[in-house]
Structure formats: C-alpha cells, structure tokens
Amino acid sequence: MKITIVGAGNMSSALVKQLSKAGHEIRITSREISKAQALASNNSRVTAVPAAQAVGASDIVIIATAYADAVPALRS
C-alpha cells in the first residue's frame with residue numbers, strides 16, 4: 001500500500017517505523033523537509049518529498065501534526 005504521512009514528529013516516527021516494517025511504501029513530508037529526510041534515511045521504503053508532491057498516488061494520507069497545524073499542512 002502507498003501511504004503519505006504529513007508531519008515528521010514523534011507520532012510520524014512511530015508510524016513510519018511500523019508501516020515500513022510491514023512493507024508499505026511511504027512518502028513523508030514536513031514543514032521542515034530536513035526532518036522528513038532524516039526519517040526517510042533511517043527507514044526502508046520511505047521517501048521524503050516536498051509538501052506539494054506528497055500525496056501523489058497514495059492510497060492513504062495520514063495527518064500527523066499538532067491540531068493547530070493540521071489545516072495549514074493540508075493547504076500546503
């Protein structure tokens with residue numbers, strides 16, 4: 001399954017770890033692309049992408065941001 005995760009904090013780290021171990025292809029984006037790149041480099045099947053390219057052909061999109069950041073993250 002192709003999954004996009006928006007956010008690169010603690011929740012995203014746990015999701016990336018478990019979902020990549022399960023064999024899913026993950027695209028991750030963050031307000032700070034360097035955080036997404038760090039997560040991607042530490043996990044297999046994970047690619048960091050800019051927000052504008054994050055959704056792509058994903059089957060699922062997970063918003064893993066703080067509540068106040070969810071709407072701005074979706075707009076980006």
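Residue indices begin at 1 and follow the sequence shown. Note that these values count all heavy atoms, side chains included, but never hydrogens, waters or copies made by symmetry. Please read these numbers as outputs of a predicted model, since none were measured by experiment.
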With sequence neighbours excluded, residues passing side-chain contact (heavy atoms from CB on, under 4.5 Å) with [X]:
X	value
Ser44	none
Asn42	none
Gln18	none
Ile63	Val6, Val61, Thr65, Ala70, Leu74

* Asked: Which residues, ordered by chain and number, are linked to Val71 in its hydrophobic cluster, where ILVMFWY side chains connect at heavy-atom gaps below 4.5 Å, directly or through other members?
  ->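 Cluster partners of Val71: none, it stands alone.
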* To do: Share the residues that join Ile5 in a hydrophobic cluster, the rule being Ile, Leu, Val, Met, Phe, Trp or Tyr side chains under 4.5 Å apart at the heavy-atom level.
  =>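 Noted: Ile5 shares its cluster with Met1, Ile3, Met11, Leu15, Val16, Leu19, Ile26, Ile28, Leu39, Val46, Ile60, Ile62.
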Salt bridge (Lys or Arg N to Asp or Glu O under 4.0 Å): which pairs involve [range], sequence neighbours left out?
range	result
residues 46-59	none
residues 15-31	Arg31-Asp69
residues 6-16	none

* Asked: Listed by chain and number, what are the salt bridge (Lys or Arg N to Asp or Glu O under 4.0 Å) partners of Arg45, not counting sequence neighbours?
  ->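 Residues passing salt bridge (Lys or Arg N to Asp or Glu O under 4.0 Å) with Arg45: none at all.
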* Please name the pair of heavy atoms, one in Ala8 and one in Ala36, separated by the smallest distance, quoted to 0.1 Å. =>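 In this case the closest contact between Ala8 and Ala36 is CB-N, 3.9 Å.
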* To do: Ignoring hydrogens and angles, tell me if any N or O in the side chain of Ser30 forms a donor-acceptor pair with the backbone of Lys35 under 3.5 Å.
  =>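 Absent.
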